[in-house]
Every structure is written in C-alpha cells, then in structure tokens.
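Written below as structure tokens is the structure these notes are about.
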Amino acid sequence: MLPLVHRPRRLRRTATSRALVAETVLRAEDFIHPCFVRSGREVEKPIASMPGVSQQSVDRLLVDLETLVPLGLKSVLLFGIPDAKDGIGSGGWDPEGPVPRAATLLKESFPDLVVMADVCLCEYTDHGHCGPLVTDEDSGETTVDNDAAVEGYVREALAYAAAGVDVVAPSGMMDGTVGAVRSALDASGYAGTSIMAYSAKFASGFYGPFREAGECAPKSGDRRSYQMDPANRREALREVRLDLEQGADIVMVKPALAYLDIISDVRAASDVPVAAYNVSGEYSMLKAAVEKGWLGEDAVWESLLAIKRAGADLIISYFTRDVLQRLARA
Ligand code: PBG
C-alpha cells in the first residue's frame, strides 16, 4: 500500500458522500425561462434551430407555464415578435404589443412569478438593428444612433412597467441606457421596477439561432459597433461598473459558456446578483449533439453547473424546462 496521508478519493466513494461535499448545486430558483411571444391565439411556431423552443401566443404560453410553475419555475424573460416593423422600432413601446399583453395576463394567472422582459428594438426595427440608424457624415458609415435608441428603450421600459413587468432587461448595449431607464421609471411611479442590465454583452456568433427565434437578424452589417469585442476582458468590468453606477439591480454576462472568465471577474467585482445568459447557440449545439447521440444529457448539466460555479447567481437558459424536470425526478 502506498504510504499516502491524503486520499481525496475517500469522499468520492458513495453518492451520498459526494452529495455531502458538492460545492455547487443547481436549484429551480436559479433559472430564468426565456419565452418568445406573438400576438393571436393558438399560435405555436417551433424554431427549427432550437429543438423544444417555439414562438407562442400568450394562451399557449400560459398552458406551458401551468406545468412549469408547479415544478418550481420562478421567473420568465419575455421577448416579443411584433406583427409589423418600422425604421425606429415603434412597436417596442406599443402598450398593445405582445410583451405588455403577455405580462398583464401572466401576472393575473401567476401573481408570484417574476416577469422579466428584454428591452431592445431589434425585433421591432425593419432593418434588424437595435435602434434607429444614422449615417456618420464624415465616414459615411451607417450605425445605430445611441441616444435615439436609448429614447426608444425608455419608452419601451415604461410600457413594460405599466403592464406589470417586474424586471426590465435592456440588452441593446447603448451607452447610458441604465441611467436613463432608471430615472424615467422613478419619475413615472415605477421605483419598484428592477433593472437587469445586459452589461457585458459580446458580439457573439452564438446568437445565430436566436435571430431565427426573435426574427431579428440585421439585414446588413453586424452589431460590432455596439456589442463588445470577444477579445476584451477588462472592458467587461468597465461596462459593469458603469451600469452599477447608473443603478443596475442585476448585471449580466452574455454569452455564458465561452465567457466563464468574465462571469468570474464580474462576480468578484460586483455586490449585486450576477446573471449569465446561456444563449441560443450554446443550447442548439448541445441539443444537436445529444440528439445525435454524440453526447449524453449529463453534458448539459455539467455546462450549467460550470456557469454557476464560475459565479452566476442566475442562469437564463433554454434548458430551464429540462432542468426543472430533472430536479423534480431527483
Ligand atoms: C436582442 C437580444 C439578442 C439576444 C438576446 N437579446 C440578440 C442579439 O443581440 O443579436 C440573444 C439571445 C440568444 O442568443 O439566446 N438584442
């Protein structure tokens, strides 16, 4: 026998002792379920690149939540797919739009559910960018007009708060968004509405399937003049600091799996809850591999555990349904 003092394997011998010393535990409360809502009734449009995910009308979403809430679902994040789009994304602040309508009905049926809503204009503009476009006179380049976009987000956030949304989540990466949204909410009697800021949102290739789900791919160009460069780590902390100074209640890192270092940095640098967005591409990649039999379901669990272990308090994930079902079986 080797003369070993330390045998770390001792604590790994049985399932019970492994459970006793597990440092990270996934709970139903950690998860936020993203939902794509459309107008109409009985609408269920599956997203081809995201097996198990659909665009739904509110009646169908309510039926779905009847099964998820009893499994412990605490929160949803709403995205709206409007019937019509225009250059400035005015559908984003339509009080009769899919998100305000869904929020009101969800709060009626599930008063305890924390209803969050993504605040962005890319689903509502006909060009697919996250705000109105402007052409720079010197360079001739077309880009998103920062301050006009923020004005739109403010109107959108107010419409959502009025409909009963608990948490507004600005995702457009325009400078000054959180401060502008906070003061407008406060001035309009919505001091109780929280802000979850997409603080460190990277210009990522992992958003591909979402653009089908949200019908929001830019018609030309890309989002690199407003979303962050995947090469940058320090800059994420700068974005987080600015959002905290402006009143963010929760800060977010997005995507999650290729950005675990950022999640860890942000956790260490902030004293508010940190959310991580396990984005569409991360979901589709794993789903596809599991469907093909190339990976087992455990790879999904392991990835979500990694996001939490890196420092995320909250995980926005299309796997939420699978997680809740697995936790209920355990
Ligand atoms: C809207 C928005 C996007 C995502 C969340 N909000 C798309 C984008 O920025 O292009 C991506 C979510 C995902 O991929 O799951 N700005």
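As the structure lists them, so they are numbered: ligands from 1, and atoms in each ligand from 1. Bear in mind the structure is a predicted one, so any value in this text is a computation, not a measurement.
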Set of salt bridge (charged side-chain N to carboxylate O under 4.0 Å, His left out) partners for Asp249, sequence neighbours left out = Arg182
ask   = Which atoms from ligand 1 have a heavy atom of Phe79 less than 4.0 Å away?
value = 5 (C), 6 (N)
key: Contact check, Met173 vs ligand 1, heavy-atom distance below 4.0 Å   = no
key: Where at least one partner belongs to residues 271-291, residue pairs that pass salt bridge (charged side-chain N to carboxylate O under 4.0 Å, His left out), sequence neighbours excluded   = Lys287-Asp322
key: Ligand-side contact atoms (ligand 1) for residue partner Tyr277, heavy atom cut-off under 4.0 Å   = 12 (C), 15 (O)
Protein residue, atom and distance nearest to atom 10 (O) of ligand 1, heavy-atom basis = Arg211 NH2, 2.6 Å
ask   = For Ser171, is the nearest heavy atom under 4.0 Å from an atom of ligand 1?
value = yes
Among Leu65, Val69, Leu62, side-chain contact (heavy atoms from CB on, under 4.5 Å) partner for Ser109 = Leu62
ask   = Who's the nearest protein heavy-atom neighbour of atom 11 (C) of ligand 1, and how far?
value = Lys254 NZ, 2.8 Å
ask   = So, does Ser75 use its side chain to make a donor-acceptor pair with the main chain of Val114 at under 3.5 Å?
value = yes
inquiry  = Looking at non-hydrogen atoms alone, which of Tyr207, Tyr318, Phe202 comes nearest to atom 15 (O) of ligand 1?
reply    = Tyr318
inquiry  = With a 4.0 Å cut-off on heavy atoms, is Tyr283 in contact with ligand 1?
reply    = no
task = Provide, to 0.1 Å, the distance between atom 8 (C) of ligand 1 and the closest protein heavy atom, together with that atom's residue and name.
result = Arg223 NE, 3.5 Å
task = Do me a favour and list the nearest non-hydrogen protein atom to atom 1 (C) of ligand 1 with residue, atom name and distance?
result = Cys122 SG, 3.4 Å
query = So which of Phe210, Tyr198, Phe206 gets nearest to atom 7 (C) of ligand 1, if we judge by its closest heavy atom?
reply = Phe210
task = Determine whether more than 12 heavy atoms belonging to other residues, nucleotides or ligands lie under 6.0 Å from atom CD of Glu302.
result = no
key: Closest heavy-atom pair and its distance - Ser270, Val251   = OG-CG2, 4.1 Å
key: Salt-bridge contact Asp166-Lys107 (side-chain N to carboxylate O under 4.0 Å)   = yes
request  = Measure the SG-CG distance between Cys130 and Asn146 for me, rounded to the nearest 0.5 Å.
outcome  = 11.5 Å
key: Shortest protein heavy-atom distance from atom 14 (O) of ligand 1, along with the residue and atom involved   = Ser280 OG, 2.7 Å
task = Taking Arg234 for its side chain and Leu237 for its backbone only, find out whether a donor-acceptor pair lies under 3.5 Å.
result = no
key: For atom 2 (C) of ligand 1, the protein heavy atom that lies nearest, with its residue and separation   = Lys201 NZ, 3.3 Å
ask   = ligand 1 versus Cys120, non-hydrogen atoms closer than 4.0 Å: side chain, backbone, both, neither?
value = side chain
inquiry  = Taking the ring of Phe202 and the ring of Tyr207, is the distance between their centroids below 6.0 Å?
reply    = no
query = For ligand 1, is Glu123 a contact, meaning one of its heavy atoms is under 4.0 Å away?
reply = no
